[in-house]
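Written below as structure tokens is the structure these notes are about.
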Number of protein chains: 2
Amino acid sequence: MKRNTWQREAVRTELGRAEGFVSAQGLHSALHTSGSPIGLATVYRALADLALEGDADSLQSPDGESLYRACSTTDHHHHLICRNCGLTVEIEVDAIENWATEEASKHGFTEAAHVIDIFGLCAACTALASDRPTP
Amino acid sequence: MKRNTWQREAVRTELGRAEGFVSAQGLHSALHTSGSPIGLATVYRALADLALEGDADSLQSPDGESLYRACSTTDHHHHLICRNCGLTVEIEVDAIENWATEEASKHGFTEAAHVIDIFGLCAACTALASDRPTP
DNA sequence: ACGCCTATTGATAATGATTGTCAAAACCAT
DNA sequence: ATGGTTTTGACAATCATTATCAATAGGCGT
């Protein structure tokens with residue numbers, strides 16, 4: 001049976017408060033900063049559960065970190081993520097969904113799960129980046 | 001200056017011999033099995049270099065492992081990967097490329113790097129999977 | 001409200017992939 | 001062959017994540 005604990009709620013709340021995607025570690029330290037003495041392992045478990053239940057999105061950053069984000073809808077969608085500040089824009093394009101499924105079945109594949117995410121620099125971070133000297 | 005060593009060649013060769021994507025660790029043990037006393041760190045370095053030069057593709061499995069594959073062309077393309085046997089089909093669709101770039105710039109993003117890969121079960125593995133009892 | 005049973009927590013150890021370190025070895029131009 | 005520098009490789013270090021397991025706390029039946 002699934003029990004209701006304040007830890008689970010804390011993770012859910014903090015995830016909702018976050019702007020974009022957060023790592024488990026990041027969320028844990030954010031909670032600690034807020035005064036929660038929640039354990040790291042618990043954060044990992046809570047996030048895994050949320051992702052399982054469809055209450056959270058999860059994806060992998062190019063560095064191999066797992067990132068999570070509160071998910072309002074169970075709908076399938078993808079993301080445009082700023083690799084500098086973490087700003088996230090949800091994008092939802094049926095054409096792409098269909099393309100992925102078709103491409104898979106065209107080759108006899110089933111249970112296709114596509115990984116479609118775009119990492120980049122958002123407008124603000126692009127402006128900042130142009131300040132750095134060209135090496 | 002970049003030097004030519006038999007280790008570098010061994011990695012390149014073994015990568016070409018592999019059917020689909022391989023992990024650095026897997027490639028290392030494959031080489032060891034073949035009698036090569038190559039070091040693990042060297043394999044990582046060689047793979048990173050190959051990916052840098054465009055001679056190898058790299059992507060992340062859903063488990064967070066980095067996978068590599070020999071890449072014949074420098075062209076940008078994506079993959080359809082069987083999550084069971086590792087069979088890989090290269091797919092190349094300009095429409096998707098454009099979509100990704102447009103979607104990014106539409107939101108003011110620059111330096112967009114998209115991650116578009118489809119994991120699934122190939123025809124053969126789908127057949128095998130249907131043998132398992134329905135839980 | 002109380003107590004019991006069990007799911008959950010959390011500190012820590014374990015894991016597993018990847019990267020850093022640095023002396024020794026190998027490469028290449030001379 | 002020699003010198004100078006790159007590359008190697010054994011091992012330690014790191015980092016995120018998972019497993020362990022005793023202690024805790026949730027919630028159902030009473």
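Everything quoted here is computed from the prediction, not taken from an experiment. Below, chains carry the letters A, B, ... as their sequence lines are ordered, and counting in each starts from 1.
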Per-nucleotide protein contact string for nucleotides 17-27 of chain C, where B marks a base within reach and S marks sugar-phosphate only (heavy atoms under 4.0 Å, - for neither): SBBBB----BB
Along DNA chain D, first and last positions that approach a heavy atom of chain B under 4.0 Å: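 Listed 5' to 3', the contact boundaries are D/dG4 to D/dA10.
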Residue pair B/Arg45, B/Gln7: steps toward the side-chain contact (heavy atoms from CB on, under 4.5 Å) verdict: CA-CA 10 Å; B/Arg45 279 185 289 240; B/Gln7 287 97 333; over 6 Å; no
Between P of C/dG10 and CG of A/Leu31, the distance in whole Å: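 Going from CG in A/Leu31 over to P in C/dG10 covers 11 Å.
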For atom CD of B/Gln60 and atom C1' of C/dG16, their distance in whole Å: 15 Å
Those residues that, when tested against B/Arg69, pass side-chain hydrogen bond (donor to acceptor under 3.5 Å, both in side chains) (two or more places apart): B/Glu90
Set of residues satisfying side-chain hydrogen bond (donor to acceptor under 3.5 Å, both in side chains) with respect to A/Ser105, sequence neighbours excluded: none
Pairs involving residues 31-68 of chain A, ordered by first then second residue, that meet ring-ring contact (aromatic ring centres under 6.0 Å, His included) (sequence neighbours left out): A/His28-A/His32
Set of residues satisfying ring pair (Phe, Tyr, Trp, His ring centres under 6.0 Å) with respect to B/His79, sequence neighbours excluded: B/Phe21, B/His77
Atom of A/Arg3, atom of A/Arg8 and distance for their closest heavy-atom approach: O-NH2, 4.1 Å
Closest non-hydrogen atom pair, B/Leu47 against B/Leu27: CD2-CD1, 4.2 Å
From A/Leu31 atom CG to A/Glu14 atom CD, the distance as rounded to the nearest 0.5 Å: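 A/Leu31 atom CG to A/Glu14 atom CD measures 4.5 Å (nearest 0.5 Å).
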